[in-house]
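All figures in this text were calculated on a predicted structure; none of them were measured in a lab. The basis for the numbers below is simple: all heavy atoms, side chains too, and nothing from hydrogens, waters or symmetry mates.
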Amino acid sequence: MHFTTHDQLILLALLGFLAALLIAAPKLRVPYPIFLVLGGLALGFVPGMPTITLPPEVVLVAVLPPLLYLSAYRTSLRDLRANARAIAILAIGLVAATTITVAVVAHAAVDDMSWSAAFALGAVVAPTDPIAATAIMRRLGVPRGLVSIVESESLVNDGTALVLFRVAVVAAVSGQFSLWDVSWRFVWAVAGGVGIGLIVGLLVAETRRRIDNPPVEVTLSLMTGYFAFIPASAVSASGVISVVTAGVYLGWRTPELTSVQSRLQGEALWNIVAFVLNALVFALVGLQLSSILDKLTGRSGWQLTWWAILVTGTVIVTRIVWVPIFAWRNRRKPFTHTFLISWAGMRGAVSLAAALSIPLVTDAGPPFPHRDLIIFLTFSVILGTLVVQGLTLPALIRVLRIEPDTSVEEEDAKARIRAAEAALARLEELTGEEWVRDDTAERMRGLYNFRRTRFSSRFDQESDGAIEEQSQAYQRLRRELLDAERSAVVELGRSGVISGDVANRVRRDLDLEDARLDA
């Protein structure tokens, strides 16, 4: 492929524009997925901008596996078990309900759309994307349980929706539909996905247990999503469910498999990879509309707008109705929490990638019915839910007066108290050893006793805060001294007294010490 100077300038301008959007998003307090979609949408209509398409395999095969793996890896098994019923009702029941209601509305109102095409559209727009919603909810201190439900739902509903989508596409392409075939495909997709994911998780865990090389371990973690997704898809099982299963399993096993170095390096790399992939995909989603509209000549703008509003409204209303009725029958759950979950159903790049993967023609030879219109309506749902629901979600959280989540801080303090107690108990066991000096043991005993007392004071309603203030003052002084150490090391490196490798290693150790301070 040959790039002309003009192409290179356009690419440079595009990258610069995306960088500007990423910088501006936090300053404007707009979640970056929404900002990137809108920015890409505006950029797509700039005169002279080349047509940029989003190949479905880029999302479904190249981008989706690592992002799913990371989300599953970081998902708490305890939270999944605690919210299993709600997640199942949302990820299976709501996906099926959305598919059916959208299919009924589309078949009745949208240009005489066939049932097979209508069901394909319904399955495409059924799965949610958690990125924008969870970013807002975490930033505003929404209770962790609600965030966990929204995030966990999206891990499972992709698999459910893509199975239904595959069934609808097969029916449209072949002209045949079998309830037995649908049931068998669904059962195999779930069971096969879980089974393959567990096998991959076991194999990767046993491999990593025998390796002590952080770069290799981190590379294996980046590849694990593909190890789970590709074989599952090859045998018509759910690649999504396979990746999620492997991710949850390895997240549970990781503490016993990895060293401190591999965990630190892996966390840093994964944060960057996830951010870049998400930013790229959302920007490409926004750039698609101009090319989509080019294929819909012959239909009036008002007609397309009405269909877009109708389908997007159906998706939103179905969720608003479904969640309060089916998701929670526990009266202790406040309605404000239920409605917040109802409004957090934003769609993303997976839906558009699925729509773009619809075959061009059927087995009989004619074009796939309403393919271009399905892609347009899918984009409309993504744009509508991201912009309307995403931009109004912060205001809704304030109006509903959702109480900030304090459980994280409480659990953090409990964990640190228990860790300090474990260290003190181990210290007492070691005091008889010859290599443990009395003065060293006493210094360690004082350190851990202070740490235990400090975090215990957070549960003492009568505490005057003196211990916390003392700790904050100590940490401020410690950070000033660390800054002085870093400056000295940098100067040694710049003057050539020490090598760059030594300077980087010492500075990294100082940074790790700094990171432990919470002042």
### Task
Please step through side-chain contact (heavy atoms from CB on, under 4.5 Å) for the pair Thr160 and Phe186, ending with a clear verdict.
CA-CA 8 Å; Thr160 307; Phe186 185 79; 4.0 Å; yes

### Query
Is a side-chain donor or acceptor of Tyr226 paired with a backbone partner of Ala62 at a separation under 3.5 angstrom?
yes

### Task
Please indicate whether Asp112 has more than 12 foreign heavy atoms, meaning atoms of other residues, nucleotides or ligands, lying under 6.0 Å from its CG.
no

### Summary
Shortest non-hydrogen pair, Val285 vs Phe379, comes out as O-CE1, 2.9 Å

#### Entry: Side-chain (Arg371) to main-chain (Ile358) donor-acceptor, under 3.5 angstrom
yes

### Query
Do the non-hydrogen side-chain atoms of Ile341 and Leu90 ever get within less than 4.5 Å of each other?
yes

### Query
Do any N or O atoms from the side chain of His107 and from the backbone of Ala118 form a donor-acceptor pair under 3.5 angstrom?
no

#### Entry: Flag, side chain of Thr258 to backbone of Thr254, donor-acceptor distance under 3.5 Å
yes

### Query
With a 4.5 Å heavy-atom cut-off, do His370 and Leu377 have their side chains touching?
no

### Message
Looking at Gln389, is its backbone amide N or carbonyl O close enough to the side chain of Thr392 to form a donor-acceptor pair, meaning the two atoms are under 3.5 Å apart?
### Response
yes

### Summary
In short, Leu60 meets Pro65 closest at the heavy-atom pair O-CD, 3.8 Å

### Query
Do side-chain atoms of Thr362 reach the backbone of Pro366 as a donor and acceptor pair under 3.5 angstrom?
yes

### Short N-O contact, Arg144 and Glu411, less than 4.0 angstrom
yes

### Task
Please say which of Asp158, Val156, Leu94, Val240 ends up in a side-chain contact (heavy atoms from CB on, under 4.5 Å) with Pro127.
Asp158

### Minimum-distance pair of heavy atoms, taken over all atoms of Ala205 and Arg253
CB-NH1, 3.8 Å

### Task
Indicate yes or no: at least one non-hydrogen side-chain atom of Ile316 is less than 4.5 angstrom from one of Trp343.
yes

### Query
Under 3.5 Å, is there a donor-acceptor pair linking the side chains of Ser221 and Trp270?
yes

#### Entry: Atom pair CH2 (Trp307) and OG1 (Thr312), whose distance is rounded to the nearest 0.5 Å
14.0 Å

## Note on the structure
To the nearest 0.5 Å, atom CG of Leu340 lies from atom CG of Leu393 at 6.0 Å

### Task
Would you mind reporting whether Thr336 and Arg401 have side-chain heavy atoms less than 4.5 Å apart?
no

### Query
Does the side chain of Leu269 reach to within under 4.5 Å of the side chain of Leu222, using non-hydrogen atoms?
yes

#### Entry: Worked verdict on Phe282 versus Phe35 for ring-ring contact (aromatic ring centres under 6.0 Å, His included)
CA-CA 9 Å; Phe282 277 106; Phe35 212 59; over 10 Å; no

### Query
Is the side chain of Ser152 donor-acceptor paired with the backbone N or O of Ile149 at a distance under 3.5 Å, no angle test?
no

### Message
Keeping Arg74 on the side-chain end and Val248 on the backbone end, is there a donor-acceptor pair under 3.5 Å?
### Response
no

### Query
Is there a donor-acceptor pair under 3.5 Å between the side chain of Ser357 and the backbone N or O of Ala354?
yes

### Message
Run Val235 and Ile196 through side-chain contact (heavy atoms from CB on, under 4.5 Å) and show every step you take.
### Response
CA-CA 10 Å; Val235 296; Ile196 293 173; 3.7 Å; yes

### Query
If you round to the nearest 0.5 Å, how far is OG of Ser238 from CZ of Phe229?
8.0 Å

### Pairwise side-chain contact, Pro66 with Leu277, heavy-atom cut-off 4.5 Å (strictly under)
yes

### Task
Kindly indicate, with the supporting measurements, whether the criterion side-chain hydrogen bond (donor to acceptor under 3.5 Å, both in side chains) is fulfilled by Ser342 and Trp322.
CA-CA 8 Å; Ser342 304; Trp322 178 273; over 6 Å; no

### Message
As a quick check of understanding, evaluate side-chain hydrogen bond (donor to acceptor under 3.5 Å, both in side chains) for Thr128 and Ser154, giving each step before the final call.
### Response
CA-CA 6 Å; Thr128 57; Ser154 70; 5.1 Å; no

### Message
Determine whether Phe368 and Val361 satisfy the following criterion, side-chain contact (heavy atoms from CB on, under 4.5 Å), listing intermediate values before the conclusion.
### Response
CA-CA 5 Å; Phe368 191 98; Val361 297; over 6 Å; no

### Task
Start with the C-alpha gap between Val323 and Phe339, add the side-chain angles, then the distance that decides, and say whether side-chain contact (heavy atoms from CB on, under 4.5 Å) holds.
CA-CA 8 Å; Val323 173; Phe339 190 78; over 6 Å; no

### Message
To check you understand the geometry: which heavy-atom pair defines the closest contact between Gly192 and Ala237, and what is its length?
### Response
C-CB, 3.8 Å

### Message
To check you understand the geometry: which heavy-atom pair defines the closest contact between Gly159 and Ile241, and what is its length?
### Response
CA-CG1, 4.3 Å

### Task
Only one of Thr314, Leu352, Val315 passes side-chain contact (heavy atoms from CB on, under 4.5 Å) with Val125; say which it is.
Val315

### Message
Quick one, Val387 and Leu391 - any side-chain contact, counting heavy atoms below 4.5 Å?
### Response
yes

#### Entry: Atom CH2 of Trp115: over 12 foreign heavy atoms under 6.0 Å
yes

## Note on the structure
OG1 of Thr134 to CG of Asp129, rounded to nearest 0.5 Å, is 8.0 Å

#### Entry: Carboxylate-amine/guanidinium proximity below 4.0 Å for Glu153 and Arg85
no

### Task
Please check if any side-chain donor atom of Thr318 sits under 3.5 Å from a side-chain acceptor atom of Thr98, or the reverse.
no

### Interatomic distance, Met137 atom CE to Ile402 atom CD1 [nearest 0.5 angstrom]
8.5 Å

### Task
With rounding to the nearest 0.5 Å, note down the distance linking CG in Leu121 to CD1 in Ile375.
11.0 Å

### Message
I'd like to check Leu220 versus Glu217 (side-chain heavy atoms, cut-off strictly below 4.5 Å). Are they in contact?
### Response
no

### Query
Arg347 side chain to Ala126 main-chain N or O, any donor-acceptor pair under 3.5 Å?
yes

### Summary
Heavy atoms of Thr378 and Ala355 approach each other most closely as OG1-CB, 3.7 Å

